[in-house]
Amino acid sequence: MGEFTSITTDDAGVATLRLDRAPMNALNSQVWTELGEAARTLTAADDVAAVVIWGGPKIFAAGADIKQMQGMDFQEFFSHGGGLQESFQALARLPKVTIAAINGYALGGGCELALTADFRFAADNAKLGQPEILLGVIPGAGGTQRLSRLVGVSKAKEMVYGGGTYDAQQCLDMGLVDQVHPADEVYDRAVEAARRYAGGPYALRMAKKAIDEGAEMDLDSALRLETTLFTACFATEDRRIGMDSFVQDGPGKAVFTRR
Ligand code: DAK
């Protein structure tokens, strides 16, 4: 698709958004733009129900391109920084199930890219961290916000203040990653899981929206959103299929259409 990113889609409705910028998948402004475009493409693609974000077998991403950033000034970031963050927000808002499959390093913006996904599957050799502080900056693409919402404020502060890297087991213990697999299996495991979600009903979109948007609201508003989205499920074909199937054949046998 782009110079440094590609999208491939299988028959089961699983797309792989692959990052490929040797040697470290550093996120320069081109990559950032391509990720935003990919998010829009994947959102619109009717044949895609779940997405695996993968940086290939060696590294997920070593973060923003420091060599590019080195020469940039306040005005440039002030003018364009919001657009960069918007790319990640578009990925986070993808109305489909997303899984980051992480081999090797996911640092800085790389870790933040993984944080845009619903789930993170890490290779046993994965190392995650937010080392921006060591460069004299702070995380700028969700690392102070999505990270603390996921692992808690204290752990996020430890990661962001210290700039350290954390191995797969440590990340699993703190809830930063959801599963750990051997390095040569992690991508396949992520695709397998994504296929299971891709076979799910349209209501998965409602569930994602309710959980993610509800987390940003007060409880009353969030519960009202839940009610609205629950009701909206009754406009889907899959709601009818799910309930008819239960009544006729028992639980868990419905074959959904994603409509
Ligand atoms: N950028 C540019 N080049 C990088 C790089 C990076 N992030 N990471 C590595 N490289 C380059 C190295 O400079 C080296 O280049 P040459 O010397 O060969 O020319 C080559 O890749 C191989 O790297 P190493 O020799 O260092 O390889 P090692 O295996 O020894 O170490 C490493 C791998 C990933 C642990 C290490 O390279 C490393 O610590 N990299 C930097 C990690 C880091 O600090 N990442 C955070 C970057 S700051 C924004 C939002 C977000 C951000 C910015 C703006 N807005 C919305 C405005 C995000 C900021 C960041 O992510």
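In listed order, ligands and their atoms are each counted from 1. Predicted, not measured: the structure shown is a model, and the values here were computed from it.
Among all heavy-atom pairs drawn from Ala92 and Arg146, the shortest one is CB-NH2, 3.7 Å. Across all their heavy atoms, Ala117 and Ala100 have their closest contact at CB-N, 3.6 Å.
Rounded to the nearest 0.5 Å, atoms CZ (Arg120) and CG (Leu172) are 12.0 Å apart. From Leu113, atom CG reaches atom CG of Leu19 across 6.5 Å, with rounding to the nearest 0.5 Å. Residue Asp238 holds its CG atom at 4.0 Å from OG1 of Thr257, rounded to the nearest 0.5 Å. Atom CG of residue Asp178 and atom CG of residue Asp118 lie 9.5 Å apart, to the nearest 0.5 angstrom.
Here's the thing with Ile66: one of its N/O atoms is less than 3.5 angstrom from an N/O atom of ligand 1. Residue Glu112 has no nitrogen or oxygen atom sitting less than 3.5 Å from a nitrogen or oxygen atom of ligand 1, judged on distance alone.
In terms of protein heavy-atom proximity, atom 17 (O) of ligand 1 is nearest to Lys67 NZ, 4.3 Å. Of all protein heavy atoms, the one lying nearest to atom 52 (C) of ligand 1 is Trp32 CH2, 3.8 Å. In this structure, the protein non-hydrogen atom closest to atom 44 (O) of ligand 1 is Pro131 CG, 3.5 Å. The closest protein non-hydrogen atom to atom 54 (C) of ligand 1 is Phe77 CE2, 3.7 Å. In this structure, atom 55 (N) of ligand 1 lies nearest to the protein heavy atom Gly140 O, 3.8 Å. Of all protein heavy atoms, the one lying nearest to atom 33 (C) of ligand 1 is Tyr105 CE1, 3.9 Å. Nearest protein neighbour of atom 27 (O) of ligand 1, counting heavy atoms only, is Met24 CE, 3.6 Å.
By the criterion of a heavy-atom distance under 4.0 Å, the side chain of Pro23, and not its backbone, is placed next to ligand 1. Looking at Met69 against ligand 1, only its side chain comes within 4.0 Å, counting heavy atoms. At a heavy-atom cutoff of 4.0 Å, ligand 1 is contacted by no atom of Val137, backbone or side chain. Within the 4.0 Å heavy-atom criterion, neither part of Phe78 lies near ligand 1.
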Criterion salt bridge (Lys or Arg N to Asp or Glu O under 4.0 Å) on Arg189 and Glu192, from CA distance to verdict: CA-CA 5 Å; Arg189 296 288 90 78; Glu192 261 170 40; 2.7 Å; yes
Chi angles and distances behind the side chain to side chain contact (heavy atoms under 4.5 Å, CB included) call for Met159, Leu176: CA-CA 11 Å; Met159 287 183 71; Leu176 178 50; 3.8 Å; yes
Residues Glu158, Lys155; criterion salt bridge (Lys or Arg N to Asp or Glu O under 4.0 Å); working and verdict: CA-CA 5 Å; Glu158 182 194 309; Lys155 203 70 201 174; 3.1 Å; yes
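Between the choices Ala62, Gly108, Ser29, the shortest heavy-atom distance to atom 45 (N) of ligand 1 belongs to Ala62. Nearest residue to atom 59 (C) of ligand 1 from Ala141, Ala64, Gly163, Gly143 is Ala64 (criterion: closest heavy atom).
Connectivity analysis of hydrophobic side chains (ILVMFWY, heavy atoms under 4.5 Å, direct or indirect) links Phe121 to Val97, Ile99, Phe119, Val186, Tyr197, Leu204.
For the side-chain contact (heavy atoms from CB on, under 4.5 Å) criterion with Leu17, the lone passing option out of Leu35, Leu94, Thr41, Val48 is Leu35.
Between Arg240 and Glu237 the shortest side-chain heavy-atom distance falls below 4.5 Å.
Counting only residues at least two apart or in different chains, side-chain hydrogen bond (donor to acceptor under 3.5 Å, both in side chains) contacts with residues 226-236 are absent.
For atom 4 (C) of ligand 1, the nearest protein heavy atom is 4.0 Å or more away. At a distance under 4.0 Å, a protein heavy atom can be found next to atom 48 (S) of ligand 1. There is a protein heavy atom less than 4.0 angstrom from atom 23 (O) of ligand 1. In this structure, atom 31 (O) of ligand 1 has its sub-4.0 angstrom surroundings free of protein heavy atoms. In this structure, atom 38 (C) of ligand 1 has its sub-4.0 angstrom surroundings free of protein heavy atoms. Atom 19 (O) of ligand 1 is flagged as protein-proximal [any protein heavy atom, distance under 4.0 Å].
In this structure, Gln130 has no heavy atom closer than 4.0 Å to ligand 1. The shortest heavy-atom distance from Phe88 to ligand 1 is not under 4.0 Å.
Within 6.0 Å of atom NZ in Lys209, 12 or fewer heavy atoms from other residues, nucleotides or ligands are found, so the atom counts as exposed in its surroundings.
For ligand 1, the atoms closer than 4.0 angstrom to any heavy atom of Gln85 are 56 (C).
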